[in-house]
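Notes for the one structure printed next.
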Amino acid sequence: MKVGILTGGGDCPGLNAVIRAIVRKGVFHYQDEFVGFMEGWRGLLEDKTMALDLSTVGGILPRGGTILRTSRTNPAKHGDGLQKCIDALKKHGCDALVAIGGDDTLSVALKLHQKGVKVVGVPKTIDNDLAGTDFTFGFDTAVNIATGAIDRVHTTAEAHNRVIVVEVMGRDSGWIALYSGIGGGADVILIPERPFDIDEVAELIRQRHARGRYFSIVVAAEGAKFAADVELHDGAPIVQEVGKDEFGHQRLGGIGNVLAREIEKRTGFETRSVVLGHIQRGGTPSAFDRVLATRYGLGAIDMVHRGEFGNMAALRGNKIGSVPLAEAVSSNRKVDPEMIDAATGILDKLEKEKEPAAK
Ligand code: F6P
């Protein structure tokens with residue numbers, strides 16, 4: 001068979017490991033040929049390709065980024081873009097396409113499948129918020145980077161008696177914030193799933209310092225929201241600039257700064273903020289992500305040969321299986337309430353003033 005491969009959306013440590021696994025198993029076990037479409041869906045729209053064979057995938061396992069490069073191009077926003085994608089696949093003699101991406105990339109894959117394209121998806125996002133799979137590759141690396149950063153921030157916060165707010169990625173779900181916050185021993189963890197009351201956050205920090213701890217670490221997902229009843233940001237995420245990408249997403253960022261200002265104003269404690277940003281997505285994947293990404297790649301090429309089109313490779317428990325693309329893109333996967341309970345169990349509790357008992 002001849003199989004096309006593309007990587008779309010934000011990059012993610014482990015993308016190269018997926019590409020490598022697909023190509024190696026495809027060549028060794030199935031005698032497949034491959035073509036790489038460059039820069040996500042843009043590669044099909046603009047006919048940008050690269051050869052993918054044993055030599056081009058050699059040595060890429062530990063490399064971050066993606067040799068196919070990536071973009072947030074949405075063919076549906078480019079006139080007859082979907083038809084152009086179909087034409088590009090025909091032109092290159094592709095019998096099937098493997099699309100490696102998050103919900104945006106996979107929603108385009110689903111549209112193409114509905115038009116008859118033989119497509120298989122592989123779930124990718126450091127945010128770990130794709131439905132239908134237990135974990136996405138890239139998440140473990142991002143959590144390790146964020147946890148390492150929190151460890152570092154701890155020592156300087158302690159040395160200066162400061163509060164430090166660490167802003168991590170996580171547009172709609174707080175997976176990175178929750179895992180790195182627990183792993184790094186943060187004192188407050190703020191996630192998009194639970195809008196927060198800034199006065200409660202400040203009170204919690206005040207109470208902690210009253211007990212003799214003169215520094216605090218706050219971890220906030222970029223998509224965390226002030227509770228709607230607070231005038232500050234009225235329940236909306238904080239955005240960097242006006243304007244949306246081709247999938248309708250605003251660019252988030254800035255909550256760390258706003259929080260630092262508001263915490264300092266309310267508590268009087270000197271407060272700083274750090275934005276980890278793309279550092280979380282860059283560099284070499286963790287060993288866990290290399291293994292997971294490799295397993296996804298092997299699963300995807302097997303799915304192509306079993307004819308499981310319109311599906312996405314998925315991790316369920318510790319097995320790689322497959323789920324319909326429609327299920328994967330139907331909703332955003334929120335953090336497990338059980339994990340929130342785990343975090344709440346170890347965080348300091350807010351000691352609210354007890355109401356005097358009614359006589
Ligand atoms: O890949 C998802 C994500 O990491 C989000 O958490 C974040 O909002 C976004 O990517 C940032 O993407 P960009 O690279 O376009 O700035």
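Counting starts at 1 for both ligands and their atoms, in listed order.
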**Study point:** Geometric class of the Tyr179/Phe139 ring pair [parallel <30°, tilted 30-60°, perpendicular >60°]
**Key:** perpendicular
Point to revise | Residue, atom name and distance, where the atom is the protein heavy atom closest to atom 2 (C) of ligand 1 | key: Asp127 OD2, 3.3 Å
Revision key, fill the gap. Judged by heavy atoms only, the candidate from Arg72, His278, Met169, Arg171 nearest atom 12 (O) of ligand 1 is Arg72
Review point. N/O of Arg251 under 3.5 Å from N/O of ligand 1, yes or no?
Key: no
Exercise for review: Measure the distances from the heavy atoms of Arg281 to every atom of ligand 1 and state whether one is below 4.0 angstrom.
Suggested key: yes
Exercise for review: Kindly assign one of parallel, tilted or perpendicular to the pair His154 and Phe215, based on the angle between their ring planes and the thresholds 30° and 60°.
Suggested key: perpendicular
Review point. Considering all heavy atoms of both residues, which atom of Gln207 and which atom of Lys349 are nearest to each other, and what is their separation?
Key: OE1-O, 3.7 Å
Practice item. Please verify whether a non-hydrogen atom of Leu252 lies at under 4.0 Å from ligand 1. Key: no
Review point. For the residue pair His209 and Phe269, is the inter-centroid distance of their aromatic rings smaller than 6.0 Å?
Key: yes
Check your understanding: Side chains of Arg333 and Asp172: does their closest heavy-atom pair fall under 4.5 Å?
Key -> no
Exercise for review: Kindly confirm or rule out an N or O of Thr125 lying under 3.5 angstrom from an N or O of ligand 1.
Suggested key: no
Review point. Less than 3.5 Å between some nitrogen or oxygen of Glu222 and one of ligand 1, yes or no?
Key: yes
Practice item. Mind running salt bridge (charged side-chain N to carboxylate O under 4.0 Å, His left out) on Asp47 and Lys91 for me, showing each step along the way? Key: CA-CA 9 Å; Asp47 197 18; Lys91 179 182 165 197; 2.3 Å; yes
